[in-house]
Amino acid sequence: MTTIELLPIQDVTACCSPVTTEAMTQESAEVLAKSLKAIADPARLRLISMVAAHEGAEACVCDLQEPLGLSQPTVSHHLKVLVDAGILHREKRGTWAYFSLVPGALESVAALLTSPTR
């Protein structure tokens with residue numbers, strides 16, 4: 001079995017057609033499934049929501065741990081997965097990291113799962 005690495009969402013949209021336009025190849029399905037897995041976790045969905053809803057649509061990692069109720073290493077792991085998947089952007093400011101949504105990332109996921117308008 002071949003290992004398929006997690007691709008940023010923008011890369012997935014370049015390689016994969018929307019699931020409703022044509023039958024997916026096995027490889028495309030595996031690539032898309034790995035990317036979707038990055039957001040298919042309750043903690044990661046909450047992090048996406050918390051960042052998007054935070055003032056200025058960005059949040060410091062220091063503001064995410066307590067409301068999420070998870071340890072710092074666990075929150076950092078989930079944030080890294082979301083950054084690697086191309087959902088969140090990380091910016092280091094001094095000793096803190098700030099996270100924001102990558103523009104268009106969630107729309108790209110939605111476009112892969114919805115029927116095109118005809």
Side-chain angles (χ1 to χ4, degrees):
M1 184 169 144
T2 340
T3 302
I4 309 248
E5 294 195 29
L6 181 65
L7 295 174
I9 293 297
Q10 287 79 5
D11 291 347
V12 173
T13 58
C15 80
C16 303
S17 298
V19 298
T20 57
T21 60
E22 61 185 56
M24 295 183 86
T25 65
Q26 179 66 30
E27 184 177 1
S28 291
E30 289 174 9
V31 170
L32 180 56
K34 291 228 182 237
S35 293
L36 291 174
K37 185 178 179 182
I39 61 173
D41 178 277
R44 292 182 200 137
L45 286 172
R46 289 191 64 213
L47 282 168
I48 292 167
S49 175
M50 291 165 67
V51 168
H54 205 268
E55 184 178 335
E58 71 172 8
C60 175
V61 67
C62 60
D63 296 326
L64 300 172
Q65 182 181 337
E66 186 178 325
L68 201 56
L70 297 174
S71 68
Q72 182 275 324
T74 302
V75 172
S76 292
H77 165 75
H78 287 304
L79 289 167
K80 181 182 182 328
V81 169
L82 291 169
V83 168
D84 290 348
I87 301 290
L88 292 181
H89 170 75
R90 179 183 186 269
E91 182 182 333
K92 183 107 165 133
R93 297 182 198 158
T95 58
W96 296 107
Y98 286 78
F99 294 86
S100 58
L101 287 173
V102 170
L106 295 178
E107 291 82 359
S108 295
V109 173
L112 286 169
L113 299 174
T114 59
S115 299
T117 55
R118 297 180 193 234

Looking at every non-hydrogen atom in both residues, tell me the closest pair between [X] and [Y] and how far apart they are.
| X | Y | result |
| --- | --- | --- |
| Leu82 | Ala38 | CD2-O, 3.6 Å |
| Ala43 | Leu70 | CB-CD1, 3.9 Å |
| Phe99 | Val51 | O-CG1, 3.4 Å |
| Thr95 | Lys92 | O-NZ, 3.6 Å |
| Ser100 | Glu58 | CB-CB, 4.0 Å |

His77 vs Val81, test: side-chain contact (heavy atoms from CB on, under 4.5 Å). Steps then yes/no. CA-CA 6 Å; His77 165 75; Val81 169; 3.7 Å; yes
Rounded distance (nearest 0.5 Å) linking atom [atom1] of [X] with atom [atom2] of [Y]:
| X | Y | atom1 | atom2 | answer |
| --- | --- | --- | --- | --- |
| Cys60 | Glu91 | SG | CD | 11.5 Å |
| Asp84 | Arg90 | CG | CZ | 11.0 Å |
| Leu101 | Leu88 | CG | CG | 6.0 Å |
| Asp63 | Met50 | CG | CE | 8.5 Å |
| Leu64 | Gln72 | CG | CD | 11.0 Å |

Glu66 atom CD, neighbour heavy-atom count above 12 within 6.0 Å: no
How would you list, by chain and number, every residue that makes a salt bridge (Lys or Arg N to Asp or Glu O under 4.0 Å) with Glu107, sequence neighbours excluded? none
Is there a side-chain contact between Arg44 and Ile39 (heavy atoms, below 4.5 Å)? no
Look at the side chain of Arg46 and the backbone N and O of Pro67, then say whether any donor-acceptor pair between them is shorter than 3.5 Å. yes
